[in-house]
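See structure below.
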Amino acid sequence: MVRKIMSPRVTASKEEIIAFYDQSAPVYAAVSFWEKKAQEIAITKAGIEESYKVLDVGCGPGAVTTKVAEIVGSSGKVYGLDLSEKMLEEAKRKAQSIGVQDRIEFRKADIHEKLPFEDDFFDAVISTYVFDLVDTPHISKVLSNMIRVLKPGGKLVLVNWTFGDGPHKKYSDVFIELYKEIKVDFGCRPVYLLPYMKEFNLKNLGREYISYEMPPQIRQAFFATFEEGLKRAPKIAKKLADLQT
């Protein structure tokens with residue numbers, strides 16, 4: 001049964017989300033530095049070896065795709081999927097800059113649809129910060145699409161923004177309230193994936209919570225982007241102000 005703490009519905013449309021990530025593509029790698037630790041852990045947990053075929057779902061500017069390409073070597077192959085053409089352009093440039101472009105194939109693809117690969121095709125499937133953008137009713141379908149292309153015994157490693165634990169919980173809770181009241185153009189919100197994964201009887205399921213303490217100035221800058229919306233939600237604005245004093 002899915003955890004009682006349900007993820008808010010994604011309110012931004014697919015077109016709005018694509019437009020946001022197209023616009024942010026040139027700077028995304030620089031401003032999303034907090035993702036690096038989780039990305040490195042995901043690659044390690046995937047147990048990637050030379051000659052593997054690996055799928056990076058929602059590859060963005062190619063941070064994971066290119067690192068995996070270095071591991072699989074010239075005998076392996078990595079496929080990077082994304083809906084943002086501008087993100088794919090950035091990923092291609094990154095691959096070329098480190099000389100692994102021949103090991104990678106980038107494709108524009110919608111993960112809500114059947115993925116353009118045969119069943120049991122990949123040794124590993126990795127996805128980082130994609131389910132944050134998948135609307136709650138579609139999570140199981142998207143998971144099914146990924147599992148279909150994974151070989152028996154292959155590894156599925158998913159990284160997502162989740163509900164805060166410990167000291168992070170207070171900010172997480174306020175953001176969830178904010179997300180429900182204010183239009184968030186980038187679409188991301190916390191999601192708890194493990195119950196959905198259990199629907200598929202996957203073996204050796206595990207979950208690791210990775211904390212990231214956002215520096216105060218970064219946190220303030222992040223919430224400042226909602227300044228106009230918070231004017232229409234004074235109770236949430238007060239909660240946020242109280243947290244930052």
Side-chain angles (χ1 to χ4, degrees), residues 1-25 27-28 30-39 58 60 83-84 111-112 127-143 158-198 207-245:
M1 186 170 67
V2 177
R3 195 183 187 196
K4 288 183 180 179
I5 302 176
M6 294 293 292
S7 297
R9 296 289 302 272
V10 176
T11 54
S13 68
K14 185 185 299 183
E15 292 73 23
E16 288 171 327
I17 291 171
I18 293 170
F20 176 87
Y21 286 98
D22 275 347
Q23 183 178 12
S24 62
V27 298
Y28 187 83
V31 301
S32 60
F33 52 87
W34 58 79
E35 296 181 0
K36 184 177 180 181
K37 179 180 178 181
Q39 290 169 342
L83 260 181
S84 166
I111 58 174
H112 295 80
S127 179
T128 58
Y129 301 104
V130 169
F131 281 92
D132 310 355
L133 297 165
V134 176
D135 199 8
T136 310
H138 305 310
I139 290 175
S140 293
K141 179 181 179 182
V142 172
L143 272 172
L158 309 175
V159 176
N160 63 281
W161 187 5
T162 191
F163 299 92
D165 288 348
H168 303 87
K169 186 177 186 302
K170 55 187 179 181
Y171 289 103
S172 176
D173 289 351
V174 171
F175 179 78
I176 291 167
E177 287 188 54
L178 181 154
Y179 193 94
K180 292 177 179 178
E181 294 294 328
I182 298 171
K183 184 68 173 293
V184 176
D185 291 337
F186 58 80
C188 295
R189 88 295 189 211
V191 61
Y192 189 66
L193 279 182
L194 193 58
Y196 295 96
M197 297 179 75
K198 288 179 178 179
R207 177 179 184 265
E208 180 177 346
Y209 179 78
I210 303 167
S211 64
Y212 173 75
E213 186 60 46
M214 194 176 287
Q217 64 272 25
I218 300 296
R219 186 170 58 237
Q220 289 172 5
F222 172 74
F223 282 107
T225 61
F226 305 108
E227 184 176 1
E228 286 301 314
L230 286 168
K231 291 177 182 178
R232 301 187 298 273
K235 291 183 179 179
I236 299 174
K238 185 178 185 308
K239 288 183 181 181
L240 185 57
D242 290 344
L243 284 177
Q244 305 204 72
T245 55

With sequence neighbours left out, what residues match [X] under side-chain contact (heavy atoms from CB on, under 4.5 Å)?
X: H138; result: H112, V134, D135
X: L133; result: I17, Y21, C188
X: A237; result: L230
X: K141; result: N145

- Query: Given the rule in the salt bridge (charged side-chain N to carboxylate O under 4.0 Å, His left out) test, do K183 and E16 qualify, once you have shown the distances and angles that lead to the verdict?
  - Reply: CA-CA 11 Å; K183 184 68 173 293; E16 288 171 327; 3.2 Å; yes
[X] side, atom [atom1]; [Y] side, atom [atom2] - distance, nearest 0.5 Å:
X: E227; Y: L240; atom1: CD; atom2: CG; value: 11.0 Å
X: D132; Y: F186; atom1: CG; atom2: CZ; value: 9.5 Å
X: R232; Y: E181; atom1: CZ; atom2: CD; value: 10.5 Å
X: D22; Y: S84; atom1: CG; atom2: OG; value: 3.5 Å
X: I236; Y: F223; atom1: CD1; atom2: CZ; value: 10.5 Å
X: Q39; Y: I210; atom1: CD; atom2: CD1; value: 10.0 Å

- Do we see a donor-acceptor contact under 3.5 Å between the side chains of R189 and T136?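 Per modelled atom types, R189 and T136 side chains form a pair under 3.5 Å.
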- Item | Aromatic ring proximity F226/F222, centre distance under 6.0 Å | yes
- Query: Counting only N and O atoms by type, is there a donor-acceptor contact under 3.5 Å from the side chain of T162 to the main-chain atoms of Y192?
  - Reply: no
- Are any side-chain N or O atoms of N160 and backbone N or O atoms of V191, one a donor and one an acceptor, separated by less than 3.5 Å? yes
Any non-hydrogen side-chain atom of [X] less than 4.5 Å from a side-chain atom of [Y]?
X: L158; Y: M197; answer: yes
X: S211; Y: D165; answer: no
X: Y179; Y: V10; answer: yes

- Note on the structure: What one should report as the nearest heavy-atom pair of P190 and S7 is O-OG, 2.8 Å
- Item | Exercise: identify the closest heavy-atom pair between S172 and G164 |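 Residues S172 and G164, closest heavy atoms: OG-N, 3.0 Å.
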- Name of the residue among Y212, W161, Y28 meeting side-chain hydrogen bond (donor to acceptor under 3.5 Å, both in side chains) with E35: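 Of the listed options, the one satisfying the test is Y28.
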- Message: Around atom CD of Q217, are there more than 12 heavy atoms from other residues, nucleotides or ligands closer than 6.0 Å?
- Response: yes
- Query: Taking atom CD of Q23 as the centre, does the number of heavy atoms from other residues, nucleotides or ligands within less than 6.0 Å exceed 12?
  - Reply: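 It does not: Q23 CD has 12 such atoms or fewer within range.
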- Query: Sequence neighbours excluded, which residues qualify as side chain to side chain donor-acceptor pair (under 3.5 Å) partners of E208?
  - Reply: K45
- Which residues satisfy the salt bridge (charged side-chain N to carboxylate O under 4.0 Å, His left out) test with D185, sequence neighbours excluded? none
